[in-house]
Amino acid sequence: MNPGDTQRRPWIVGVSGASGTPYAAAVLRALLAAGESVDLVVSRASRLTLLDETGIAFRDAHWREDLRQWLARGADGKPGTFDVPVDDVRYWPAGDLAAGPSSGSYATKGMLIVPASTACVAGVALGLSKDLLQRSASVTLKEGRRLVVCVRETPLNGQTLKHMVSLDEAGAIVLPASPAFYAGATHIQDLVDFVAGRTLDAAGVPHSLYRRWEGELGSGSPGGGSGSR
């Protein structure tokens, strides 16, 4: 669908400064593979994390080129692992508080924050709206749309736990970035894809990022069956 199409209803994907940019890349790839439109908001802090974790400098003026390079990179850092068209991605600078997602009248399906830092969690829980990422999350909540917050931090202190409870009470889905090992992971990308898959499960977006549990013990072990959860 053309980004200028008035019938377009995107998922907003907010990327905060927490470690875990491969999680965001996996979610973005899967959304686009599912035929979903995406509005992307990359916080200022996340640019530093992205540069540190991938070597990619995300630039406003060249965002499409930089995004394509980022999504092509595997979780192991190998470039050219994936081939992802980004035609149906619309990028909004984090400082643009007049952007579409800052208003409830801008039609979206909901928002995924992945990864979400504790600062981001606090900002959304307190309704600070200090940048477009936080403002978009607040709008998503007030409009009763689905908000999935993929928290990436450990350990969690009491204040952050309180903020997470506040988000839950406000209607958000709080989803810690906790990879599981019962799905038969043999590569770092498998662990990343499990978290991305659970994020998309919470959003109700179909995907094939991990094998689902089918009730057979040992099915995720090497040489086991095909089921996992």
Side-chain angles (χ1 to χ4, degrees), residues 1 3 5-16 18 20-42 71 82 84-92 100-101 103-116 120-121 124-125 132-152 164-180 182-183 189-215 226-229:
M1 186 181 297
D5 194 323
T6 57
Q7 300 302 310
R8 182 177 181 270
R9 285 179 60 88
W11 283 97
I12 303 170
V13 176
V15 186
S16 83
T21 55
Y23 292 132
V27 165
L28 288 165
R29 285 193 296 264
L31 283 171
L32 295 171
E36 300 286 349
S37 300
V38 172
D39 274 23
L40 178 63
V41 181
V42 179
L71 298 190
F82 302 97
V84 184
V86 296
D87 297 335
D88 204 12
V89 177
R90 186 172 186 178
Y91 169 69
W92 300 97
S103 171
S105 65
Y106 184 79
T108 72
K109 292 184 177 180
M111 182 174 185
L112 313 176
I113 304 178
V114 55
C120 175
V121 168
V124 177
L132 182 60
L133 194 159
Q134 292 184 14
R135 172 60 184 168
S136 299
S138 294
V139 168
T140 300
L141 286 176
K142 81 178 182 69
E143 295 296 323
R145 298 167 185 161
R146 190 164 300 190
L147 173 64
V148 182
V149 182
C150 184
V151 183
R152 215 310 303 165
M164 291 165 66
V165 170
S166 295
L167 287 177
D168 177 78
E169 292 175 343
I173 298 173
V174 179
L175 193 149
S178 301
Y182 48 65
Q189 189 68 53
D190 298 327
L191 297 174
V192 167
D193 285 347
F194 180 87
V195 171
R198 295 299 288 155
T199 302
L200 293 172
D201 287 344
V205 177
H207 65 87
S208 57
L209 288 175
Y210 68 90
R211 296 178 299 169
R212 298 185 181 278
W213 176 250
E214 295 179 354
S226 60
S228 64
R229 56 180 168 179

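Source: prediction; values computed, not measured.
Here salt bridge (charged side-chain N to carboxylate O under 4.0 Å, His left out) pairs that include residues 103-112, with residues two or more places apart or in two chains, are E36-K109. Sorted by first and then second residue, the salt bridge (charged side-chain N to carboxylate O under 4.0 Å, His left out) pairs with a member in residues 167-180 form an empty list; sequence neighbours excluded.
Judged by a 6.0 Å distance limit and a 45° cone about the ring axis, R152 is not positioned over the six-membered ring of Y23.
F194 and A183 get closest at one heavy-atom pair: CD1-CB, 4.3 Å. Closest heavy-atom contact between A34 and V205: CB-CG1, 4.0 Å. Across all their heavy atoms, C150 and A177 have their closest contact at SG-CB, 3.9 Å. Here the closest heavy-atom approach between residue L191 and residue A180 is recorded as CD2-O, 3.5 Å. Shown here for A172 and V149, the closest heavy-atom pair between the two residues is CB-CG2, 4.4 Å. Across all their heavy atoms, L32 and D88 have their closest contact at CD2-O, 4.2 Å.
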After noting the C-alpha distance and the side-chain angles of V86 and Y91, does the key distance pass the side chain to side chain contact (heavy atoms under 4.5 Å, CB included) rule?
-> CA-CA 11 Å; V86 296; Y91 169 69; over 6 Å; no
Apply side chain to side chain contact (heavy atoms under 4.5 Å, CB included) to the pair L209 and R198, showing each step before the final yes or no.
-> CA-CA 9 Å; L209 288 175; R198 295 299 288 155; over 6 Å; no
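Of the possible donor and acceptor atoms, one in the side chain of R145 sits under 3.5 Å from a partner among the backbone N and O of G104. Panel note: side chain S37, backbone R9; no donor-acceptor pair is recorded below 3.5 Å.
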Sequence neighbours left out, cut at 3.5 Å: what donor-acceptor pairs do the side chains of residues 136-144 make with other protein atoms?
from : atom 1 : to   : atom 2 : distance (Å)
S136 : OG     : L132 : O      : 2.7
S138 : OG     : Q134 : O      : 3.2
T140 : OG1    : S136 : O      : 2.8

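Using a 4.5 Å cut-off on side-chain heavy atoms (C-beta onward), L112 and L200 make contact. In this structure, I113 and V124 have side chains that are in contact, with non-hydrogen atoms separated by less than 4.5 Å.
Under the rule for a side chain to side chain contact (heavy atoms under 4.5 Å, CB included), P206 has no partner lying at least two apart in sequence or in another chain. Take I173 and apply the side chain to side chain contact (heavy atoms under 4.5 Å, CB included) test, not counting sequence neighbours, and it matches R146, V148, A202. D39 is linked by a side chain to side chain contact (heavy atoms under 4.5 Å, CB included) to R8, P10, I12, R90, W92, P101, Y106, counting only residues two or more places apart in sequence or in another chain.
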